[in-house]
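Please read the structure below before turning to the comments.
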There are 2 protein chains.
Amino acid sequence: MTTVEHGAALDATFQALADPARRCMLAQLARGPAAVGKLARPLAMTLPAVMQHLAVLESAGLVRSQKIGRVRVCHIESRRLSLAARWIDQRRLEWERRLDRLGEYLQTPKRPRGDPHGDGN
Amino acid sequence: MTTVEHGAALDATFQALADPARRCMLAQLARGPAAVGKLARPLAMTLPAVMQHLAVLESAGLVRSQKIGRVRVCHIESRRLSLAARWIDQRRLEWERRLDRLGEYLQTPKRPRGDPHGDGN
DNA sequence: GATATAGTTAAGCACATGCTTAACTATTTA
DNA sequence: TAAATAGTTAAGCATGTGCTTAACTATATC
């Protein structure tokens, strides 16, 4: 159930993370709040393009911003990052626990068939 | 440097994770290897569509598969999952450590200016 | 008040993505 | 060997994405 409701949020979050320019912006913001122009500097693209990336990050809930004077200051919103990381790790752990159990099973010395084993697979 | 070289891999990985059908396939595969047809069952789309999603997952390195008889069996490749989760958590932790330091600083009772403080921020 | 600065909006374009249908190829199974 | 099963390939289409240029709006700063 954890996974189901967050579907749309995860769509938007992973989609936002899939672009190198947006990851670059997030990496900068991880080091502290920054203005749009500052985010744009390392990016080899025009300001409007950066604005569009920012809009994607904001509507995914990864970033928030507020305008102060003529400057828009942006900062990371870390909850969505947690959500995404957790989704990945849950799948990974589920898979790796399976591998571990399988490894144990294969290492177990031969055993008479029909012996109790504790798992109904 | 960690972040830079993996750029293309992260593009492909997050792009792959951004689609609910592909996440559904991964969630199934986390519970164990499965055939294409089995992955397709809960998905409300045709088999060719599922094949295309599988191709995306494989070329992102998230899944591998081998054909046994007329059945293609797929399984998760967890290294790329780790890579993606780690990228997210590094940003998140960097940001949250910043917040913690800021919180401490604001809670610190007034102190004469120019006093040593131990941090070069 | 003129000019520079920082951001914003709108339009348009090239290419990528997600799906479909139709036709086809290999393996089982009866 | 005929028929069912599991997957594959190719083509086409609607929509989404990432970028650009051009024109415009607010704040500073001189």
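Here the structure is a predicted model, which means the values were calculated and not measured. In what follows, chains are A, B, ... by sequence order, proteins preceding strands, each numbered from 1.
- Distance, B:Arg41 CZ to D:dT5 P: 12 Å, rounded to whole Å.
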statement: Under a 4.0 Å heavy-atom criterion, the protein footprint on nucleotides 12-23 of chain D, written with B, S and -, is -----SSBBBB-

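- The CZ atom of A:Arg70 sits 12 Å away from the P atom of C:dA4 (whole-angstrom rounding).
- Between A:Leu43 and A:Cys24, some side-chain heavy-atom pair lies under the 4.5 Å cut-off.
- B:Leu39 places its CG atom 13 Å from the C1' atom of D:dG7, with the value rounded to the nearest Å.
- Cation-pi geometry between B:Arg97 and B:Trp95 is not satisfied (NZ or CZ under 6.0 Å from the ring centre, within 45° of the ring normal).
- Once rounded to the nearest 0.5 Å, the distance linking CD of A:Gln28 with CD1 of A:Ile76 reads 10.5 Å.
- When the side chains of ILVMFWY residues are joined at heavy-atom separations under 4.5 Å, either directly or via intervening members, A:Leu57 and B:Leu10 end up in a single hydrophobic cluster.
- Of all heavy-atom pairs spanning B:Arg92 and A:Ser82, the tightest one is CD-OG, 3.1 Å.
- Atom CG of residue A:Leu39 and atom NE2 of residue A:His53 lie 11.5 Å apart, to the nearest 0.5 angstrom.
- To the nearest angstrom, C1' of C:dT25 lies 12 Å from CE of B:Met51.
- The residue among B:Lys67 and A:Lys67 whose nearest nucleotide of DNA chain D is located toward the 5' end is B:Lys67.
- Between C:dT8 and A:Arg72, a contact under 4.0 Å exists linking OP1 or OP2 to a side-chain N or O.
- Here C:dG18 presents its P atom at 14 Å from CG of B:Leu54, a figure rounded to the nearest Å.
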